[in-house]
Each structure stands twice: as structure tokens, then as C-alpha cells.
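All chains are named by letter (A, B, ...) in the order of the sequence lines, taking the proteins before the strands, and each is independently numbered beginning at 1.
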Amino acid sequence: MASEAGAGEAQGTFRERVLALVARIPPGRVMTYGQLALLAGQPGAARQAGYVLNTLAGGGELPWQRVINAQGRVSTHKLGFGDMQERLLEAEGVTFDASGRCDLARLQWWPAEEDAPPERLL
DNA sequence: TTTGTGACATGAT
DNA sequence: AATCATGCCACAA
């Protein structure tokens, strides 16, 4: 027990920390890129958070679709799979505005100690 | 090593 | 509301 620290602290590279956070987002909830960067120990590095997800290329079991921008919109439209991301979120209960926005104030999720980190997804 | 790029964020215009 | 400009920093060439 000595080695590991308490609640979701930084470990490994920025990339690892971001992926670990994304893996913990519950279904039907979302996090923003800036939020990920902040919790990963790099406030303001929202672009890098997005870059990390880009390298995944929709890879694996990681719920990448639960990461959206600060406007409450998916940032993947220009990449071509924005529609798919919205669809995946809708399947989890997230509703989008006519202008493609969701209620961030209600859906944005923040990690808590009581949440069990699903290492399975890592 | 330098340069350019980018699934962003924020403020100004 | 939409657009522009700047900051941010990891990563590829």
C-alpha cells in the first residue's frame, strides 16, 4: 500500500493520465478536454488532451466518445466521425440540442474517490 | 534540434 | 453569433 498514493494522482506520462481519466467516465456522462488537461496536471493543455485521443484512432474499449469540448459539442465533426460520436452518446442517454449541444452543466462528470477505476479498460 | 500541427480554451473584435 | 488571434504543450517529420 505504500507505493500508490491516494486518489487518481498523476502517474506515467501525460498521455497515460489522460487515458486513465477517460476510462473512468461513467456512461451518459462527459468530460471536456480542458478538464482532462487540468486533472492530468496540465491546466490549459486542452489541445494535448485532444491530441492524445486522436492517436487512439477510436481504439479499443476506451469511451473516447464521452470527451467533448467546453461548448458542450463534439469536436470530431471535421474529422468525419462527429455524427458517430453523438450517436454513441445518445445511446447512453445524452441528449443534443438542435445546434448539437448538450447540457454540460448537467452531464459533465468529475472524478471522485468513491469511483472505482476500471483498469480493465486500460 | 527546430518547425509545424492540432479531437481545445478564452478573450477580443 | 461568428470569426480572429493567442496561449498551451505533446508529438511527428
Side-chain angles (χ1 to χ4, degrees):
Chain A
M1 43 176 88
S3 301
E4 80 226 27
E9 59 302 328
Q11 214 163 77
T13 71
F14 176 78
R15 177 191 167 108
E16 283 278 324
R17 298 194 295 258
V18 169
L19 295 181
L21 285 165
V22 173
R24 294 170 57 183
I25 307 176
R29 299 298 217 107
V30 296
M31 288 182 82
T32 69
Y33 299 97
Q35 184 186 1
L36 280 174
L38 178 70
L39 293 172
Q42 292 296 348
R47 303 191 81 171
Q48 278 53 266
Y51 188 85
V52 167
L53 296 183
N54 182 20
T55 62
L56 290 179
E61 323 248 338
L62 203 74
W64 58 269
Q65 71 271 24
R66 297 176 193 147
V67 183
I68 61 180
N69 62 31
Q71 301 177 358
R73 290 197 176 122
V74 300
S75 287
T76 49
H77 255 303
K78 55 184 174 184
L79 293 180
F81 49 89
D83 196 51
M84 175 177 76
Q85 181 172 4
E86 291 184 2
R87 189 178 309 242
L88 285 169
L89 288 174
E90 285 175 342
E92 299 180 350
V94 177
T95 59
F96 285 93
D97 196 302
S99 41
R101 292 202 306 185
C102 68
D103 191 348
L104 255 191
R106 213 168 73 126
L107 296 175
Q108 186 171 20
W109 178 81
W110 291 84
E113 297 81 13
E114 50 191 280
D115 292 305
E119 327 177 2
R120 181 166 55 85
L121 299 184
L122 301 176

Point to revise | From Val67(A), Val18(A), Val52(A), Leu38(A), residue fulfilling side-chain contact (heavy atoms from CB on, under 4.5 Å) relative to Tyr33(A) | key: Val67(A)
Point to revise | For Gln65(A), the option from Ile25(A), Val74(A), Leu88(A), Thr76(A) that meets side-chain contact (heavy atoms from CB on, under 4.5 Å) | key: Leu88(A)
Give every pair of a protein N or O atom and an N or O atom of nucleotides 9-13 of chain B that lie under 3.5 Å apart, one pair per line with the distance.
| unit_1 | atom_1 | unit_2 | atom_2 | d |
| --- | --- | --- | --- | --- |
| dA9(B) | OP1 | Ala70(A) | N | 3.0 |
| dA9(B) | OP2 | Ala70(A) | N | 2.9 |

**Study point:** Exercise: identify the closest heavy-atom pair between Thr32(A) and Asn69(A)
**Key:** CG2-O, 3.8 Å
Name the pairs: protein N/O against N/O of nucleotides 10-13 of chain C, kept only if under 3.5 Å.
none

**Study point:** Partner set under side-chain hydrogen bond (donor to acceptor under 3.5 Å, both in side chains) for Gln42(A), not counting sequence neighbours
**Key:** none
Exercise for review: Heavy atoms only: give me the nearest Val94(A)-Cys102(A) pair and the separation to one decimal.
Suggested key: CG1-CB, 3.9 Å
Review point. According to a 4.5 Å side-chain heavy-atom criterion applied to Ile, Leu, Val, Met, Phe, Trp and Tyr, with indirect links allowed, do Met31(A) and Leu56(A) form part of one hydrophobic cluster?
Key: yes
Study note, to complete from the structure: When every non-hydrogen atom of Val22(A) is compared with those of Leu53(A), the smallest separation belongs to CG2-CD2, 4.2 Å
Practice item. Take Pro43(A) and Arg73(A), find for each the nucleotide of DNA chain C with the closest heavy atom, and name the residue whose nucleotide sits nearer the 5' end. Key: Arg73(A)
Revision key, fill the gap. What one should report as the nearest heavy-atom pair of Phe14(A) and Ala49(A) is CE2-N, 3.9 Å
Check your understanding: Rounded to the Å, how far apart are Leu38(A) CG and dG7(C) C1'?
Key -> 16 Å
